[in-house]
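Down below is the structure, laid out as structure tokens.
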Amino acid sequence: MPENPVLERVLFSEQQLAGRVAELGREISADYRGKLPLFVGILRGCILFYSDLMKNISVDCNMDFMCLSSYAGGTASTGQVRTMLDLRESIKGRHVVIVEDIVDTGLTLEYLMGNLKNRGAASIEICCLLDKPCNRKADVHPKYVGFTVENEFVIGYGLDYNELYRNLPYIGVFRK
Ligand code: 5GP
């Protein structure tokens, strides 16, 4: 793995990510057999995780995306959520799996869960690659979690700092 000066250290290598994402895909596929789940990816942080996860989903499913903005570009949550891009179809009666990069305070997902519940989904679960439970401010409980992380700002594999580093194939702690 190349030395990267913006990283304090690498947390999860490409191989570790691939292994865990494959496990999540198998678990979710087993849970949703015959249910035609709708996987809602939350842009932009989900992109690499979403695409790798979907390759490991072995049941029929639909894919859609939302873009929410909760951060103003720095490293701390503002708690304010705006919908920049919404779903294309109704989710009434659908089994929805939200695919998110990281749950930190949980404020973004608290807003989103409320929003999607109001649209009449049959069920809504959260699948996040990373969970940072020590920072939680909202009552959200992801059912599918890739890895739990400490209270550190991480980048790579979709996660950015000021819109940079999303393309790194691994995840590391950002050197502030
Ligand atoms: P929450 O509303 O749970 O505080 O924040 C969720 C969003 O904040 C995530 O989808 C992600 O975009 C951003 N976020 C939270 N923690 C981190 C982090 O450690 N690194 C990066 N790059 N983004 C984070």
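Note that ligands are numbered from 1 as they come in the structure, with each ligand's atoms numbered from 1 the same way. Computed from a predicted model, the values in this text were never measured in an experiment.
Side-chain polar atoms of D101 and Y50 form no donor-acceptor pair below 3.5 angstrom. Using modelled atom types and a 3.5 Å distance limit, the side chains of Y32 and S123 yield no donor-acceptor pair. Judged purely by distance below 3.5 Å, without hydrogens or angles, the side chains of R175 and N4 never pair a donor atom with an acceptor atom.
Across I102, I171, N135, N162, heavy-atom proximity to atom 24 (C) of ligand 1 is greatest for I102. For the residues D101, L109, L130, the heavy atom positioned nearest atom 10 (O) of ligand 1 is part of D101. Of all the listed residues (L107, D160, I155), D160 holds the heavy atom that lies closest to atom 22 (N) of ligand 1. Relative to atom 6 (C) of ligand 1, the option among T108, V103, V173 with the closest non-hydrogen atom is T108.
Ligand 1 is approached by K132 to a heavy-atom distance shorter than 4.0 Å. A heavy-atom separation below 4.0 Å is found between F153 and ligand 1. Distances shorter than 4.0 angstrom do not occur between any heavy atom of G45 and any atom of ligand 1.
Close approach of ligand 1 to L159 (heavy-atom distance below 4.0 Å) involves ligand atoms 21 (C), 22 (N), 23 (N). Per-residue contacts place G106 under 4.0 angstrom from the following atoms of ligand 1 (heavy atoms of the residue considered): 1 (P), 3 (O), 4 (O). Each of the following atoms of ligand 1 lies closer than 4.0 Å to a heavy atom of E100: 10 (O).
Checked by distance only, ligand 1 and Y161 stay at 3.5 Å or farther apart across all their nitrogen or oxygen atoms.
Remark: R44 engages E163 in a salt bridge, criterion side-chain N to carboxylate O under 4.0 Å. Using a cutoff of 4.0 Å between basic side-chain nitrogens and carboxylate oxygens, E152 and K176 are not scored as salt-bridged.
Contacts between D104 and ligand 1 below 4.0 angstrom, taking non-hydrogen atoms only, involve backbone and side chain alike. With a 4.0 Å heavy-atom cut-off, ligand 1 is reached by the backbone of E152 but not by any atom from C-beta on.
Of the possible donor and acceptor atoms, one in the side chain of S29 sits under 3.5 Å from a partner among the backbone N and O of S58. Counting only distance, with no hydrogens or angles, the side chain of R20 and the backbone of G146 share a donor-acceptor pair below 3.5 Å. R94 places a side-chain N or O within donor-acceptor distance of the main-chain N or O of L36, the cut-off being under 3.5 Å.
To the nearest 0.5 angstrom, N115 atom CG is 5.0 Å from M66 atom CE.
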